[in-house]
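Written out below as structure tokens is the structure these notes cover.
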Amino acid sequence: FHARRKSSLNWNALMHSELKVLSNHMPNARSKSRLVVIAGVLLLASRAWAESSSVLIDDFNDDVQNELAGYRSTFAAAPSKVSAMRVADVFRGTSGRSAQIAADRAESGFCGYWIHLFDMRAAEKRYFDASRFAYLSFWVRGAEGGEDFLIKLADERWIVKQDSVTVAQASHLLRDGITTTWQEVVIPLRDQHKLDWRQLGGITFEFVRPGKHVVYIDDITLKTKADD
């Protein structure tokens, strides 16, 4: 069962729709017994995902939407500017892709990169329930080293405002700051009382220090334990 893409869905709705389709095509007793087995498999899969110690948000291997069906994009106000793309020549591990973010932060304006944890184009928006997770984790490396950015989060209320809350600064969580090698950034979430963790909607990387910053981001994850 492919849990990664299904993680964006409401499991109760998924199970109901799947079983409804199957029941319409299984009129006899033998078919109904098969239906019970399938229902059990779906239920076990949903429980396994719900009880997992971590959930992958984005590894940038998928083209348009991430594992939670969220989109990604840049934002900027002149004279600051930024660009981003998925790249295949820099990644964590043995294969895959990462997000390359190239920011040119001027003395004025602003720039950054946002990632949604919900499908903003869906008729009914389903924000992500992150209430059981204690840490946000992602991996970062710089093109030259010394780059820096703020990490910001948004729940449903902040998404509506098109804004977010600063929870950390990347360089403050890494002993030597951002370098040219991959490092994991782990952010404790329990002290962030301004957010509704049952309705988490987005992650933002904002560049506030003037200058050019080229960074690579990979494997954004929510965890119950810091060392998972």
Side-chain angles (χ1 to χ4, degrees), residues 57-60 66 70-87 90 92 98-118 120 127-128 130 133 135-197 199-223 226:
I57 296 172
D58 208 337
D59 59 7
F60 303 97
N66 60 34
Y71 292 86
R72 334 169 181 94
S73 189
T74 59
F75 64 93
S80 297
K81 55 187 178 181
V82 64
S83 63
M85 67 178 70
R86 294 163 52 252
V87 294
V90 179
R92 177 175 169 264
S98 70
Q100 180 197 71
I101 309 169
D104 187 354
R105 180 61 159 86
E107 292 290 342
S108 59
F110 53 80
C111 59
Y113 182 70
W114 56 258
I115 301 167
H116 278 170
L117 280 62
F118 67 99
M120 67 180 183
Y127 296 91
F128 185 72
F133 296 102
Y135 300 92
L136 171 67
S137 161
F138 64 88
W139 291 76
V140 62
R141 60 174 287 183
E144 297 182 358
E147 299 88 351
D148 202 6
F149 54 86
L150 299 179
I151 302 103
K152 308 174 78 173
L153 297 177
D155 58 14
E156 179 183 14
R157 182 168 59 95
W158 286 99
I159 289 288
V160 171
K161 293 180 178 181
Q162 298 186 356
D163 204 350
S164 52
V165 176
T166 300
V167 296
Q169 185 169 341
S171 62
H172 293 176
L173 298 174
L174 301 169
R175 185 182 64 180
D176 299 319
I178 295 176
T179 67
T180 56
T181 60
W182 287 110
Q183 297 182 86
E184 184 181 19
V185 175
V186 180
I187 304 167
L189 301 178
R190 296 302 188 197
D191 295 333
Q192 306 299 328
H193 302 300
K194 298 179 180 179
L195 295 168
D196 181 357
W197 298 110
Q199 300 287 329
L200 195 59
I203 301 169
T204 297
F205 303 124
E206 183 173 1
F207 298 85
V208 296
R209 191 185 72 200
K212 294 185 177 181
H213 309 257
V214 178
V215 298
Y216 300 89
I217 305 291
D218 208 352
D219 295 336
I220 304 175
T221 307
L222 284 165
K223 300 180 176 184

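Scanning for salt bridge (charged side-chain N to carboxylate O under 4.0 Å, His left out) contacts around Arg86 gives Asp63, with sequence neighbours left out. Residues meeting the salt bridge (charged side-chain N to carboxylate O under 4.0 Å, His left out) test with Glu156, sequence neighbours left out: none. Judged as a ring pair (Phe, Tyr, Trp, His ring centres under 6.0 Å), and not counting sequence neighbours, the contacts of Trp114 are His116. Shown here are the salt bridge (charged side-chain N to carboxylate O under 4.0 Å, His left out) partners of Asp104, two or more places apart in sequence or in another chain: there are none. The ring pair (Phe, Tyr, Trp, His ring centres under 6.0 Å) check on Tyr113 picks up nothing, with sequence neighbours excluded. Here Arg141 pairs with nothing under the salt bridge (charged side-chain N to carboxylate O under 4.0 Å, His left out) rule; sequence neighbours left out. Under the rule for a side chain to side chain contact (heavy atoms under 4.5 Å, CB included), the partners of Pro210 that lie at least two apart in sequence or sit in another chain are Glu107. Tyr127 pairs by the ring pair (Phe, Tyr, Trp, His ring centres under 6.0 Å) definition with Phe118, not counting sequence neighbours. In terms of the side-chain hydrogen bond (donor to acceptor under 3.5 Å, both in side chains) criterion, Asp163 has no residue partners (sequence neighbours excluded). Residues forming a ring pair (Phe, Tyr, Trp, His ring centres under 6.0 Å) with Tyr216 (at least two apart in sequence, or on another chain): none.
Across all non-hydrogen atoms, the minimal contact from Ser98 to Val90 is OG-O, 2.6 Å. Closest approach of Ile178 and Ala170 over heavy atoms only: CD1-CB, 4.1 Å. Considering every non-hydrogen atom in both Gly112 and Phe207, the closest pair reads CA-CD1, 4.1 Å. When all heavy atoms of Ser80 and Ala106 are compared, the closest pair comes out as OG-N, 3.0 Å.
Going from atom CZ of Arg157 over to atom CD of Gln199 covers 12.0 Å, rounded to the nearest 0.5 Å. With values rounded to the nearest 0.5 angstrom, Leu153 atom CG is found 9.5 Å from Asp155 atom CG. Atoms CG and CG, from Leu200 and Leu195 in turn, are 7.0 Å apart once rounded to the nearest 0.5 Å. Atom CZ of Phe149 is separated from atom OG1 of Thr204 by 11.5 Å, given to the nearest 0.5 angstrom. One finds the OG1 atom of Thr221 at 7.0 Å from the CD1 atom of Ile57 (value rounded to the nearest 0.5 Å). In this structure, Cys111 SG and His213 NE2 are separated by 7.5 Å, a value rounded to the nearest 0.5 Å.
In this structure, the side chains of Val140 and Leu174 come closer than 4.5 Å at one or more pairs of heavy atoms. Looking at Phe205 and Ile151, their side chains come closer than 4.5 Å, going by heavy atoms from C-beta outward. Looking at heavy atoms from C-beta onward, Leu136 lies in side-chain contact with Leu189 at the 4.5 angstrom threshold. A heavy-atom distance below 4.5 Å is found between the side chains of Ile187 and Phe138. Proximity of Glu144 to Val214: side-chain heavy atoms (C-beta onward) are nowhere separated by under 4.5 Å. Here the side chains of Leu173 and Val186 are not in contact, with every heavy-atom distance at 4.5 Å or above.
Sorted by first and then second residue, the side-chain hydrogen bond (donor to acceptor under 3.5 Å, both in side chains) pairs with a member in residues 171-189 read Ser137-Glu184, Asp148-Ser171, Thr179-Thr181, Thr179-Gln183, Glu184-Lys223; sequence neighbours excluded. Listed by first and then second residue, the salt bridge (charged side-chain N to carboxylate O under 4.0 Å, His left out) pairs involving residues 71-84 are Asp58-Arg72 (not counting sequence neighbours).
The environment of CE in Met120 is crowded: more than 12 heavy-atom neighbours from other residues, nucleotides or ligands sit within 6.0 Å.
Test Asp218, Asp219, Asp59 against Arg92 for side-chain hydrogen bond (donor to acceptor under 3.5 Å, both in side chains) and you get one pass: Asp219.
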Exercise for the section: Might you work through the side-chain contact (heavy atoms from CB on, under 4.5 Å) test for Phe128 and Leu222, ending with a clear yes or no? Expected result: CA-CA 11 Å; Phe128 185 72; Leu222 284 165; 3.5 Å; yes

